Amino acid sequence: MLNYFRDIGLGIVTVLKSMGVAWRHLFTPSVTLQYPTQKWTMPERSRSKLFNKIEDCIGCGQCARVCPTNCITIQTEKRGKEEPEIFASDGTAIKLRTYVYDIDMTLCCYCALCTFGCPTHCLFMTGEYEYAVYDKVCHIYPFATEKQMISKTPKQQPAEKA
Amino acid sequence: MESIARLLQLIPKYSELPEFLRALIPVVVSCVVVFALLALAVLFLVWMERKVSAHIQDRLGPMYVGGWHGWAQTLADALKLLLKEDIVPASVDRTLFKMAPFIVFLGAFAAYVVLPFGATSFVADLNIGILYIVAVGSLSVIGIIMAGWASNNKYSLYGGMRAAAQIISYEIPSAMAIMTVIIPVGSLSMVDIVNAQKGGIQNWFILRNPFTFLGFIVYFIASLAEVNRTPFDIPEAESELVAGYHTEYSGMRFAFFFLAEYANMFLVAGVATTLFLGGWTQVIPGSFIAPQLLPGPIVFFLKALLIIFVQMWLRWSLPRLRVDQLMYLSWKVLLPISFVLVLGVGCLAVYW
Amino acid sequence: MEVDYSGDVMTLNMGPQHPSTHGVLRLELKTDGEIVADAIPHIGYLHRCFEKLAENIDYPGIIPFTDRMDYCAAMNMELGYVLAVEKLMGIQINNRVRCIRIIMAELNRIASHLIAAGTYGNDIGSFTPFLWCFRDRETILDLFEETCGARLLYNYNWIGGLMYDVKPGFEKKVIDFIDYFEPQVGNLNKLLSDNYIFVKRTAAVGILSPEVAINYGVTGPNLRGSGVKFDVRKDEPYLGYEEFDFDVPVGKGDYGPVGSCWDRYIVRIREVKESCKIIRQAVAKLTPGDVHESIPKRVKPPVGEVYMRTEAPRGELGYYIVSEGGVKPHRLKVKSPCFTVMSAFREVSRGSMIADVIAILGSFDIVLGEIDR
């Protein structure tokens with residue numbers, strides 16, 4: 001009998017306590033952001049979409065080798081001897097022409113292991129997170145420029161290789 | 001209804017209409033008016049629920065649709081639900097499945113007929129008004145069981161069974177709590193009950209004596225269970241039964257369940273207002289706020305909103321009971337208390 | 001509880017799509033009315049071949065995959081793996097790496113326990129604690145994002161070091177968060193833990209007695225909820241946890257028998273406070289140093305095998321690695337804490353009610369990514 005009344009009493013008291021805590025939160029300012037109009041400032045180390053500064057890329061393939069999900073496809077060929085020497089911005093000589101540099105962002109697991117292996121630091125992750133597309137194919141990002149795709153020596157063209 | 005009939009007199013040549021039409025038109029018009037106002041009130045309540053829950057949870061809730069604090073959000077949602085495909089699963093009992101939401105809806109709205117919003121604004125003043133509300137209010141159980149059975153889904157069946165057990169159990173304490181008001185008034189008419197509380201806050205039944213105060217608490221708890229609100233929302237417990245009896249419903253039929261839930265909420269709040277909070281009567285008689293500025297229906301709505309706010313507040317701060325604990329609360333706690341209350345009120349009525 | 005199961009038995013298929021099976025778990029419930037005669041868990045819906053996959057990836061490349069096992073506590077997951085490989089290769093780490101790892105692991109333990117408490121409130125029917133918990137967890141995730149760029153799957157602990165050093169001002173932010181967070185636990189207790197409805201729902205439900213728990217190999221907060229004082233951080237310290245002053249909270253059965261759902265829940269809440277204590281000490285011990293100092297150029301462990309166990313938020317996490325001297329492990333086996341507790345589920349839930357099955361499942365705090373791997 002005593003337990004019965006104790007149960008009722010405890011029930012009422014704790015319910016009122018819970019309601020009190022909830023009441024106080026009615027008047028605390030909200031912690032959410034109104035997303036499409038307000039946006040977060042992404043921290044500089046933020047890891048989202050991959051980006052390759054292709055002018056600096058020496059085509060070494062370190063990134064493709066270290067990637068656990070094999071989302072980077074690189075195809076290179078030796079640059080001809082008659083072509084002018086070019087250098088990456090940190091002074092490394094670019095000896096290979098990268099005519100395919102594709103990143104499949106649907107496969108990427110955002111581990112950033114590739115960016116640490118890059119010797120010229122041309123591959124990095126940006127803070128861009130809004131890149132939804134309607135077709136999965138659009139998530140394969142080609143970075144090789146058209147200039148790099150056209151080879152001076154026609155027999156080394158990728159179409160003829162195949 | 002009388003006021004509407006009087007308004008209709010202003011229409012030219014109205015008195016030349018046949019007798020039966022003159023009797024019918026005021027009824028239809030007043031029903032449509034009450035229905036339209038309630039649909040608006042329900043839309044408002046859904047929006048309010050979202051806002052209350054959001055602010056308790058440190059969020060903001062809907063903010064875009066319609067401009068000011070997302071006031072048109074529920075309107076947009078209702079339109080979306082109406083436009084959705086009407087899916088009837090292959091193996092359901094089609095007739096019952098299609099009928100169920102309307103029965104629930106009917107049960108919720110039929111009770112409004114006797115609810116007095118103001119001194120003259122009510123559809124009908126039945127001499128058994130409160131009895132009618134208790135009777136019609138439990139009509140929704142049939143609809144819920146129909147929905148649960150016809151859906152041919154085990155979760156729906158569980159939800160329907162739980163709802164039946166729960167609503168019928170809680171009818172008893174709520175009816176007993178209503179008795180604490182009926183005994184001193186001596187009438188079942190809702191208008192008489194409100195008239196008995198005229199003359200300011202000290203005459204309201206919630207403050208009249210401790211028995212009616214406790215009667216209000218018992219009625220409030222029992223009515224929470226009757227409209228399946230947390231902490232008694234076990235028929236649609238989303239973490240156990242997915243969505244209970246309306247698991248298989250979508251589109252407009254789901255919207256009807258949803259509307260009925262909020263209409264029921266407003267109904268129990270309205271009944272509690274009428275019985276215990278003095279209905280449309282002013283808080284302070286002849287107060288500094290002129291009665292013309294704050295007419296009866298608005299006072300009524302404000303009082304009902306206060307009760308609904310407490311319902312929402314409870315919902316967003318309490319966990320859910322288990323089935324057996326729910327039954328324990330009804331049969332072993334609320335029912336004995338309400339018996340004692342009725343006894344106490346009876347003694348007061350005889351010996352005071 | 002003695003129940004006569006002679007009535008008609010209905011099979012209720014709970015999951016794999018169900019709001020409160022915490023992922024893609026399927027429970028086959030044999031129900032008689034509201035009473036559950038038997039609850040048979042079926043797992044494997046989230047199997048991603050982690051162990052086989054690991055045999056084909058080099059050692060550093062496995063770390064992102066360990067993140068995806070227990071995605072609520074990715075720091076702890078990768079910490080266990082990294083420590084195992086370091087043990088195999090005999091790498092010594094410096095004090096800064098050690099302290100940052102402890103801070104990160106304990107912050108993630110808080111985040112993980114917050115998810116556990118929040119979703120448990122949601123299972124019991126109270127939705128508000130869920131969002132309050134996520135609000136506080138958000139601050140932790142912001143700290144992680146600032147440090148390593150990711151919010152959930154960090155790849156932060158590397159073999160022999162860390163991905164990045166923490167940013168300047170990180171220590172202050174952590175201490176500020178702890179100062180803010182510790183009173184919030186009291187709020188949560190008022191709203192949920194001590195609420196009588198919650199207590200009634202959980203206190204006499206799902207009793208996991210110490211004997212049964214030990215027989216099934218249950219570890220972590222679930223075992224401590226049964227009153228057994230076992231914590232790998234205390235009993236087999238790694239990362240120098242022995243230098244830190246903290247208690248191991250155990251379930252005392254405040255509102256009923258020991259080992260109930262409420263005990264398991266409250267152990268997590270109390271552990272959060274202990275984690276706060278550890279973080280304060282770890283921040284004080286933080287010394288300058290280079291976090292990349294002992295990262296090996298090429299991870300090629302010698303021939304051998306190693307077993308490393310750590311205390312993840314959900315219990316004892318073990319990595320067993322067999323190396324044949326190559327750049328890829330020959331075999332990698334994970335001892336998952338959630339899997340062991342899931343095996344005890346059938347015994348605990350037998351004879352309870354449908355609502356209790358949800359309460360028990362929630363109190364075990366399973367993550368299906370780790371059970372199925």
Side-chain angles (χ1 to χ4, degrees), chain B residues 49-50 52-61 148-149 152-166 221 224-225 228-244 247 312-329 332-333, chain C residues 1 10-15 17-22 27 29 31 33-36 118-136 138 184 187 190-205 262 265 352-359 361-362:
Chain B
E49 171 102 309
R50 289 181 168 189
V52 170
S53 73
H55 283 278
I56 286 183
Q57 292 160 356
D58 295 351
R59 299 183 286 129
L60 284 172
W149 170 257
N152 199 8
N153 176 320
K154 286 167 183 171
Y155 291 117
S156 301
L157 185 62
Y158 270 114
M161 283 180 350
R162 283 181 177 190
Q166 172 185 337
I221 295 172
L224 274 183
N228 303 332
R229 298 281 299 178
T230 311
F232 309 109
D233 65 339
I234 59 159
E236 48 202 273
E238 85 278 349
S239 60
E240 294 151 29
L241 300 183
V242 189
T247 305
M312 289 173 178
W313 181 15
L314 270 171
R315 169 164 182 183
W316 296 106
S317 45
L318 293 184
R320 181 188 305 124
L321 288 168
R322 208 170 53 200
V323 188
D324 58 328
Q325 291 161 354
L326 191 88
M327 291 298 155
Y328 176 92
L329 184 65
K332 288 191 171 170
V333 180
Chain C
M1 204 196 314
M10 183 167 97
T11 308
L12 183 66
N13 205 1
M14 198 174 258
Q17 285 89 29
H18 187 278
S20 55
T21 47
H22 293 233
L27 293 175
L29 304 182
T31 56
E34 286 280 340
I35 290 165
V36 176
T119 51
Y120 196 46
N122 202 7
D123 285 345
I124 300 297
S126 181
F127 195 68
T128 304
F130 179 71
L131 284 152
W132 288 10
C133 289
F134 268 59
R135 176 198 64 204
D136 296 339
E138 199 62 25
Q184 292 294 328
N187 258 353
K190 258 188 221 160
L191 183 75
L192 190 66
S193 322
D194 293 331
N195 187 297
Y196 207 57
I197 299 174
F198 181 76
V199 169
K200 277 279 166 193
R201 274 295 303 278
T202 52
V205 168
W262 195 83
Y265 164 84
S352 56
M353 303 179 87
I354 292 180
D356 292 343
V357 168
I358 300 299
L361 196 66

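Worth knowing before you read on, the calculation uses all heavy atoms, side chains too, and leaves out hydrogens, waters and symmetry mates. Because the structure is a prediction, the values reported are computed rather than measured.
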In short, C:His18 meets B:Tyr155 closest at the heavy-atom pair CD2-OH, 3.4 Å
Given a strict heavy-atom distance threshold of 4.5 Å, which part of C:Asn122 is in contact with chain B: side chain, backbone, both, or neither?
both
C:Ile197 and B:Pro319: which non-hydrogen atoms are nearest, and at how many Å?
CG2-O, 3.8 Å
Rounded to the nearest 0.5 Å, what separates atom CG in C:Leu12 from atom OH in B:Tyr158?
6.0 Å
Going by the angle between their ring planes, with limits at 30° and 60°, are B:Trp316 and C:Phe127 parallel, tilted or perpendicular?
perpendicular
Less than 4.5 Å apart, any side-chain heavy atom of C:Leu131 and any of B:Asp58?
no
Would you check if B:Gln325 and C:Arg201 make a side-chain contact, meaning some heavy-atom pair closer than 4.5 Å?
yes
Part of C:Met10 lying under 4.5 Å from any heavy atom of chain B:
side chain
C:Leu191 versus chain B, heavy atoms under 4.5 Å apart: side chain, backbone, both or neither?
both
State the CD1-CZ distance between C:Ile354 and B:Arg162, to the nearest 0.5 angstrom.
6.0 Å
Distance check, rounded to the nearest 0.5 Å: B:Ile56 atom CD1 versus C:Thr128 atom OG1?
6.0 Å
Check: B:Tyr328 and C:Lys200 side chains under 4.5 Å, non-hydrogen atoms
no
Interchain contact, B:Arg315 with chain C, by part (heavy-atom threshold 4.5 Å)
neither
Side-chain heavy atoms of B:Lys154 within contact of C:Leu29, under 4.5 Å
no
With a 4.5 Å heavy-atom cut-off, do C:Val205 and B:Arg322 have their side chains touching?
yes
